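The structure appears right after this line, and notes come after that.
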Amino acid sequence: MNNDTNFKRYLKLDLLPTPWCPGCGNGIVLKTICQAFDELDLPKNGTVVVSGIGCAGRSAGFFDLDSVHTAHGRAIPVAEGIKYANDALNVVVVSGDGDLIGIGGNHLFQAIRRNTNITVICYANEIYAMTGGQVSPITPHNTKTLTTPNGNPDRPADIQFLFKSNNCFFARTTAYHLNHMRKCIVEALKFKGFSFVEARTMCIVNYGRRLGYKNSNEMLLHYKEFYKINDYAEALAENEIGIIKSAPRSSDGFPSA
Amino acid sequence: MTKQLFQGNQAITMAAEVAGLKFFAGYPITPASEIIHELVNKKHIKVLQMEDEIASINAIIGASLAGLKAMTATSGPGFSLMQESIGLAHMMEVPLVIVNVQRVGPSTGMPTLPAQGDVIQCIHGSHGDYFPIVFYPNSVSELYKYTIMAFNAAEESLSPVILLSDGFISHLYETIIPDRNFDIKNRTRPPLGAGNRHFTGLSHEDSVPKTSDVDNYRRLITRLHEKQQLTAQRYNYYEYLECSKDTDTLLISYGALSRIAYYFKNDFALYRPIRLFPIVEEIKIIASRYKRILIMEMNTGQYAHEIERILHREVEFIPILGGCIDLNEIKQKLYEQRY
């Protein structure tokens, strides 16, 4: 049994507070990542954190590890460069949904194809929060944001199926389900191959507030009431969180003549 | 050592190996693809074909931070895609070598034909102020030598160094002596995984982002500028040929086009920058001896404007737009301007 505060060894405590707004869920994800590191006792020398741009991107600087804060959307190729250069390193990407699924979406898809042995933790707040609250690739249909004043005309990306294409690891969890989030991150870190944890987290200031939530606690309660845990299912329904079951890796292709 | 016949792009890969290249990421593009074709067959060099040039430059940034000497190679369209992350590499002080084998632009242009249209993009392609070191050789043996210099300058300056080439020189076959006897600069910074440093594109001080500390930002940019200038002075490469006849005209050219300038060596003094940027003192001293400065380049006057700015005097330029180098056309233009 680990000491409750042992996870703090992975943080630069002297840099706190973070730049995040009061009520932001990012701190919950950051803490849970560190708890998962602690549970696996990841060596501080030998673990590297890489992030992109946005609110979540700022979390890399708070790890008491070597960390790289890259350009917008480019955390995954930088992390892959690090991993292919030194396979002994544990390489963890921390970034947001806009960064990883929006601007960096192609890199995500290609990393799945390459099955690079890195772990990606996506702080999925469904919004471009740092720039004020614009629609993101996983903002739900019909939701009002600064750039969709009449409601989001598009359907949100459900990326879990991408991971099945190459037997990669995918889990969805939320900032309410703390033990589940920790379990997902631990399993993702242990997975040999490309792993991705979509951690739903709340943004009250540039998102929830405009949807009628009075505080971030109400958003947490929404996670509690809406999501049901369904681990190791073939696929996750809209209101389910969990780790998806791996499928055998496909090797279809044009045979050599 | 005996002379051997090599293609320009091949020479780049041989020199990169001598310089200590361990990691290459790139995306296929004419006329640079031979570089990845050659490297993929070399042992001890990790080669990745990425999904695009953006991923390529970011992968080599990661690999370089992880301790390996890293390089990518592309042409104009890919170089355009890389620009944002070139700025990132300057801000994070990551040593890299970026080879740009120029072709005719803008856009898809004429992919198989040479040009020199990316000269200004080398120094102003990314947003913000940064001060890259750029080499532009004009032969296969020089591609070999300056690839090694580019790696050394990258290590010394902790910055991405650009090696310019063009479809002409890179596809040229010449005999060279692949000399392995170079002084190679090695990495001084410990690789990732050895501490708690934070590399960031944000303005920063000692691994801590400083997003609104203006004084710190100004100190940072001044330091980066001085570092680049100092390193550039140690790589002070150019070719200067005085004219056998008395002439008042200095003809400046570089890269592929400078090969034809030798034809005029009896009429003009010739100057050829090899370290194209940053431009430091030597051109001022040489130019002060001549009344007229003529610049001939395969674009509409990109380097001429820079030279004008540095010399504080008017220069005449002869645009030879990309695609082909024709002696008669150049003769006509040179002597038209003269008389």
Side-chain angles (χ1 to χ4, degrees), chain A residues 9-12 14-15 19 42-53 57-91 93 103-114 116 118 130, chain B residues 22-25 27 45-70 72 81-89 91-92 94 96 126-127 189-204 206-212:
Chain A
R9 65 196 167 111
Y10 292 101
L11 289 171
K12 287 177 175 162
D14 55 322
L15 292 188
L42 286 195
K44 284 175 74 173
N45 278 349
T47 304
V48 176
V49 174
V50 186
S51 75
I53 295 298
R58 290 298 300 275
S59 58
F62 291 92
F63 286 90
D64 194 31
L65 306 163
D66 272 345
S67 57
V68 190
H69 182 206
T70 70
H72 195 17
R74 315 306 166 202
I76 288 177
V78 170
E80 290 188 278
I82 294 168
K83 186 66 184 177
Y84 285 117
N86 182 357
D87 190 47
L89 293 172
N90 302 302
V91 184
V93 171
I103 185 169
N106 189 26
H107 304 310
L108 175 63
F109 168 62
Q110 305 294 343
I112 292 168
R113 186 175 59 79
R114 285 188 282 265
T116 312
I118 60 175
M130 188 165 265
Chain B
K22 288 286 178 290
F23 191 98
F24 179 94
Y27 186 81
I45 298 178
K46 176 82 191 170
V47 176
L48 290 181
Q49 180 183 326
M50 301 300 284
E51 55 272 26
D52 55 29
E53 288 85 351
I54 302 175
S56 304
I57 177 120
N58 282 287
I60 65 168
I61 286 174
S64 178
L65 285 171
L68 302 188
K69 287 194 181 181
T72 185
L81 285 179
M82 290 179 184
Q83 292 303 325
E84 185 192 13
S85 294
I86 290 176
L88 174 71
M91 202 63 154
M92 299 200 304
V94 184
L96 305 172
S126 197
H127 55 282
R189 178 199 277 157
L192 283 178
N196 59 359
R197 299 158 295 174
H198 181 52
F199 296 92
T200 175
L202 285 169
S203 181
H204 55 273
D206 300 335
S207 283
V208 179
K210 298 265 172 92
T211 53
S212 35

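Below, each value reflects all heavy atoms present in this structure, side chains not excepted, and no hydrogens, waters or symmetry copies. The sequence lines fix the lettering, A, B, ..., with proteins before strands; numbering per chain opens at 1. Everything numeric here is computed off the predicted structure, so don't read it as measured data.
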If I take atom [atom1] from residue [X] and atom [atom2] from residue [Y], how far apart are they, to the nearest 0.5 angstrom?
| X | Y | atom1 | atom2 | result |
| --- | --- | --- | --- | --- |
| Ile82(A) | Phe23(B) | CD1 | CZ | 10.0 Å |
| Leu48(B) | Thr116(A) | CG | OG1 | 8.0 Å |
| Leu88(B) | Thr70(A) | CG | OG1 | 6.5 Å |
| Asn86(A) | Leu65(B) | CG | CG | 12.5 Å |

Please classify the contact between Ile60(B) and chain A as side chain, backbone, both or neither, with a heavy-atom cut-off of under 4.5 Å.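 Contact with chain A: none, neither part.
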Relative to chain A, which segment of Ala55(B) carries a heavy atom at a distance below 4.5 Å: side chain, backbone, both, or neither?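 Its backbone and side chain both get close to chain A.
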With Glu51(B), the side-chain hydrogen bond (donor to acceptor under 3.5 Å, both in side chains) member among Arg113(A), Gln110(A), Arg114(A):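 Exactly one option meets the side-chain hydrogen bond (donor to acceptor under 3.5 Å, both in side chains) with Glu51(B), and it is Arg114(A).
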N/O donor-acceptor pair under 3.5 Å between Lys12(A) side chain and Val208(B) backbone: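 Answer holds: no.
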Between Asn58(B) (side chain) and Val78(A) (backbone), is there a donor-acceptor pair under 3.5 Å?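 Side chain of Asn58(B) to backbone of Val78(A): no pair is present.
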Under 4.5 Å, counting heavy-atom pairs only, tell me which of Ala79(A), Ser67(A), Ala88(A) racks up the most with chain B.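 Maximum pair count with chain B is reached by Ser67(A).
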Do Arg74(A) and Ile57(B) have side chains that approach each other closer than 4.5 Å (heavy atoms only, starting at C-beta)?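 Sidechains of Ile57(B) and Arg74(A): no contact.
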Can you tell if the side chain of Asp52(B) reaches within under 4.5 Å of the side chain of His107(A), non-hydrogen atoms only?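 Sidechains of His107(A) and Asp52(B): in contact.
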From CA spacing to verdict: side chain to side chain contact (heavy atoms under 4.5 Å, CB included), Val68(A), Met92(B): CA-CA 9 Å; Val68(A) 190; Met92(B) 299 200 304; 3.8 Å; yes
How far apart are the closest heavy atoms of Asn45(A) and Ala194(B), and which atoms are they?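 Scanning both residues, the minimum pair turns out to be OD1-C, 3.5 Å.
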Do you know which of Ala59(B), Ala66(B), Pro191(B), Ser56(B) has the most heavy-atom pairs with chain A at a distance under 4.5 angstrom?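 Of the candidates given, the most pairs with chain A belong to Ala59(B).
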Check the surroundings of atom CZ in Phe63(A): do more than 12 heavy atoms from other residues, nucleotides or ligands lie under 6.0 Å from it?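 For Phe63(A), atom CZ is crowded (more than 12 foreign heavy atoms under 6.0 Å).
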Does the pair Met50(B) and Glu80(A) meet the rule for a side chain to side chain contact (heavy atoms under 4.5 Å, CB included), with working shown? CA-CA 10 Å; Met50(B) 301 300 284; Glu80(A) 290 188 278; 4.1 Å; yes
Given a strict heavy-atom distance threshold of 4.5 Å, which part of Val48(A) is in contact with chain B: side chain, backbone, both, or neither?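 Just its side chain gets close to chain B.
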